[in-house]
Protein chains: 2
Amino acid sequence: MYILIAEDDEQIANSLRKNFAEDGNPVMIAKDGEEAIHFLNSISFDVALLDWRMPKVSGIEVCRYIRESGNKVPVILLTALSQVKNKVEALNLGADDYITKPFSFDELTARINAIVRRYQSSTNELIFNDITLDLISRRVKSPRGEIYLSGKEFDLLKYFILHKGTIMSKENICKEVWSMNFIPSTNIIEATVKNLRKKLEDDSGKNLIKSIYGEGYLFITE
Amino acid sequence: MYILIAEDDEQIANSLRKNFAEDGNPVMIAKDGEEAIHFLNSISFDVALLDWRMPKVSGIEVCRYIRESGNKVPVILLTALSQVKNKVEALNLGADDYITKPFSFDELTARINAIVRRYQSSTNELIFNDITLDLISRRVKSPRGEIYLSGKEFDLLKYFILHKGTIMSKENICKEVWSMNFIPSTNIIEATVKNLRKKLEDDSGKNLIKSIYGEGYLFITE
DNA sequence: ACAAAAAGTGAATGATTTTTCATTATTGTT
DNA sequence: AACAATAATGAAAAATCATTCACTTTTTGT
């Protein structure tokens with residue numbers, strides 16, 4: 001996990017670095033806000049720990065700035081200021097958490113983990129049984145290897161998983177997967193289902209897509 | 001925003017409800033952990049506030065239980081216990097935040113907002129100037145309309161935006177966008193850059209992709 | 001068991017995308 | 001200015017993907 005520490009107090013910075021290094025996390029240290037912004041613009045971190053009080057640009061300014069530039073890296077502000085209005089200000093400007101000094105390293109670690117977990121889980125992956133869809137790279141993995149799906153097959157599988165356990169009408173599938181508001185005169189859905197079925201069956205040996213005569217499809221759970 | 005409050009102290013629960021109601025947020029109150037689990041299983045909330053100490057099932061047990069069942073609702077634990085080991089335990093069990101009593105309502109609200117913002121933003125948008133990439137649907141929008149990109153063009157633009165302001169070598173572009181660890185013998189990168197340039201220029205009239213002779217490309221910021 | 005409706009199949013078509021290639025243009029160096 | 005290296009371009013070829021079609025199989029209600 002790549003961690004950025006923006007902290008002008010060398011002692012604190014080094015103590016944090018040492019602790020993180022013990023857990024095998026590479027750390028980058030910025031001595032002031034300007035440097036922090038520079039690092040954040042060039043490298044992708046898993047989390048940024050920003051001291052409120054820093055030379056040149058304060059931690060809260062760094063936070064505001066990177067959020068405005070669209071950077072969504074999880075941010076935790078570290079500070080001696082324990083007043084509520086400061087906390088509120090920081091959180092409203094896009095920080096994810098706020099810890100007042102002195103803090104315990106264990107608590108910091110736990111808060112980092114909570115935020116990173118949330119950050120990661122809220123993003124990319126859709127998991128069904130032992131199949132994992134990466135919604136960003138659009139790749140599908142199972143313990144038996146990667147399943148190569150075409151674009152439409154991926155969209156369809158995603159739709160199936162999101163609605164697993166319920167009967168999905170062809171009308172709705174059409175609307176959601178093909179963005180068509182009318183039922184096509186061809187059997188395009190059936191054809192795509194066929195190909196998806198084949199690939200899923202090649203992977204797991206099971207047929208996960210059940211046809212409900214006259215109603216639609218059911219993606220079976222369990 | 002639908003909020004679940006699990007709190008056996010009626011006074012606290014009602015005070016919270018009143019405050020949230022003033023902001024127009026519907027609140028549901030569970031008097032104990034069992035009820036909280038029941039509500040969480042039947043209704044979808046934007047955030048769950050759980051008291052640690054509750055009859056029947058403690059807040060932390062509720063948290064553990066719902067996480068095990070796959071529920072990803074943001075959870076904040078409210079408690080009088082301020083010891084670090086309690087905080088760490090809670091955060092490691094899947095809570096998103098931890099607030100010790102007594103707390104200010106403003107801080108609670110700010111923390112809720114930070115967590116919900118993070119939960120919802122789910123990082124599926126990449127914004128550069130007035131161009132927005134939806135990383136899930138893989139569509140690109142600008143104030144002037146949608147920009148239709150092919151798969152590779154989208155991947156390349158995403159890579160450019162993520163590394164805007166830095167010079168990107170063809171070697172790295174190759175590795176990241178084409179998943180090839182060797183430099184291709186053809187001019188496939190240049191060809192794709194050309195097509196992407198065309199589409200971006202058709203949209204904004206500007207050439208955002210600068211060639212750095214002998215080094216690579218630069219996606220201009222400013 | 002039968003007919004009608006619905007769903008499945010394999011192969012062919014059409015469309016789009018990706019890649020290649022030959023050629024032209026640009027840049028940096030001497 | 002001349003040269004070599006690098007980059008841009010348009011068009012063509014190759015590959016992939018989405019869709020259609022004719023036909024077969026399965027399911028349901030009678």
| request: Compute the angle between the rotation axes at the two ends of the helix from C:dA1-D:dT30 to C:dT30-D:dA1, each taken over five pairs, rounded to 10 degrees. | output: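 Taking five pairs per end, the axes differ by 40°.
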May I ask you to say whether [X] pairs ionically with [Y], meaning some side-chain N is under 4.0 Å from a carboxylate O?
X        : Y        : answer
B:Asp96  : B:Arg111 : no
A:Asp155 : B:Arg138 : no
A:Glu201 : A:Lys206 : no
A:Asp203 : A:Lys199 : no

| request: Return the set of residues passing salt bridge (charged side-chain N to carboxylate O under 4.0 Å, His left out) with A:Asp130 (not counting sequence neighbours), or none when no residue passes. | output: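 For A:Asp130 the salt bridge (charged side-chain N to carboxylate O under 4.0 Å, His left out) partners, ignoring immediate neighbours, are A:Arg144.
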Pairwise N/O distances under 3.5 Å, protein to nucleotides 13-18 of chain D:
unit_1, atom_1, unit_2, atom_2, d
D:dA18, OP1, A:Lys152, N, 2.9
D:dA18, OP2, A:Ser150, OG, 2.5

| request: Search all heavy atoms of A:Cys63 against all heavy atoms of A:Gly94 and return the closest pair with its distance. | output: SG-C, 3.7 Å
| field | A:Val116 to A:Asp46 - nearest heavy-atom pair and separation | value |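 Between these two residues, the closest heavy atoms are CG2-O, 3.8 Å.
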Scan the side chains in residues 26-36 of chain A for donor-acceptor partners under 3.5 Å anywhere in the protein, sequence neighbours excluded, and list what turns up.
unit_1, atom_1, unit_2, atom_2, d
A:Lys31, NZ, A:Glu35, OE2, 2.7
A:Asp32, OD1, A:Glu34, N, 3.0
A:Asp32, OD1, A:Glu35, N, 2.8
A:Glu35, OE1, A:Lys31, N, 3.0

| Start and end of the DNA chain C segment that chain A contacts, any atom under 4.0 Å from a heavy atom | C:dA5 to C:dG10
| Interface with DNA chain C, restricted to residues 154-169 of chain B and to heavy atoms under 4.0 Å |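 The answer is none.
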| task | Report the residues that fulfil ring pair (Phe, Tyr, Trp, His ring centres under 6.0 Å) with B:Tyr159, sequence neighbours left out, ordered by chain and then residue number. | result | B:His163
| said: Can you list everything that forms a ring pair (Phe, Tyr, Trp, His ring centres under 6.0 Å) with B:Phe160? Sequence neighbours excluded, please. | reply: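 For B:Phe160 the ring pair (Phe, Tyr, Trp, His ring centres under 6.0 Å) partners, ignoring immediate neighbours, are B:Phe219.
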| If you count the non-hydrogen atoms of other residues, nucleotides and ligands that lie under 6.0 Å from CD in B:Glu146, is the total more than 12? |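 Atom CD in B:Glu146 is packed in, count exceeds 12.
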| If you count the non-hydrogen atoms of other residues, nucleotides and ligands that lie under 6.0 Å from OH in B:Tyr2, is the total more than 12? |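 No, OH of B:Tyr2 has 12 or fewer neighbouring heavy atoms, counting only those of other groups under 6.0 Å.
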| message | So if I define the base as every atom that isn't primed, P, OP1 or OP2, how would nucleotides 1-8 of chain D read as a B/S/- string at a heavy-atom cutoff under 4.0 Å? | response | ----BSSB
Return all side-chain donor-acceptor pairs below 3.5 angstrom for residues 182-196 of chain A, not counting sequence neighbours, or 'none' if the list is empty.
unit_1, atom_1, unit_2, atom_2, d
A:Glu190, OE2, A:Lys170, NZ, 2.8
A:Thr192, OG1, A:Ile188, O, 2.9
A:Asn195, ND2, A:Ala191, O, 3.4

| request: Sort and list the pairs that fulfil salt bridge (charged side-chain N to carboxylate O under 4.0 Å, His left out) and have at least one residue in residues 21-30 of chain A, not counting sequence neighbours. | output: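 Applying salt bridge (charged side-chain N to carboxylate O under 4.0 Å, His left out) to every pair that reaches into residues 21-30 of chain A, excluding sequence neighbours, yields nothing.
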Going by atom type alone, with no hydrogens or angles, which donor-acceptor pairs under 3.5 Å involve a side-chain atom of residues 50-62 of chain A and a protein atom two or more places apart or on another chain?
unit_1, atom_1, unit_2, atom_2, d
A:Asp51, OD1, A:Lys101, NZ, 3.1
A:Ser58, OG, A:Glu61, N, 3.3
A:Glu61, OE1, A:Arg64, NH2, 3.4
A:Glu61, OE2, A:Arg64, NH2, 2.9

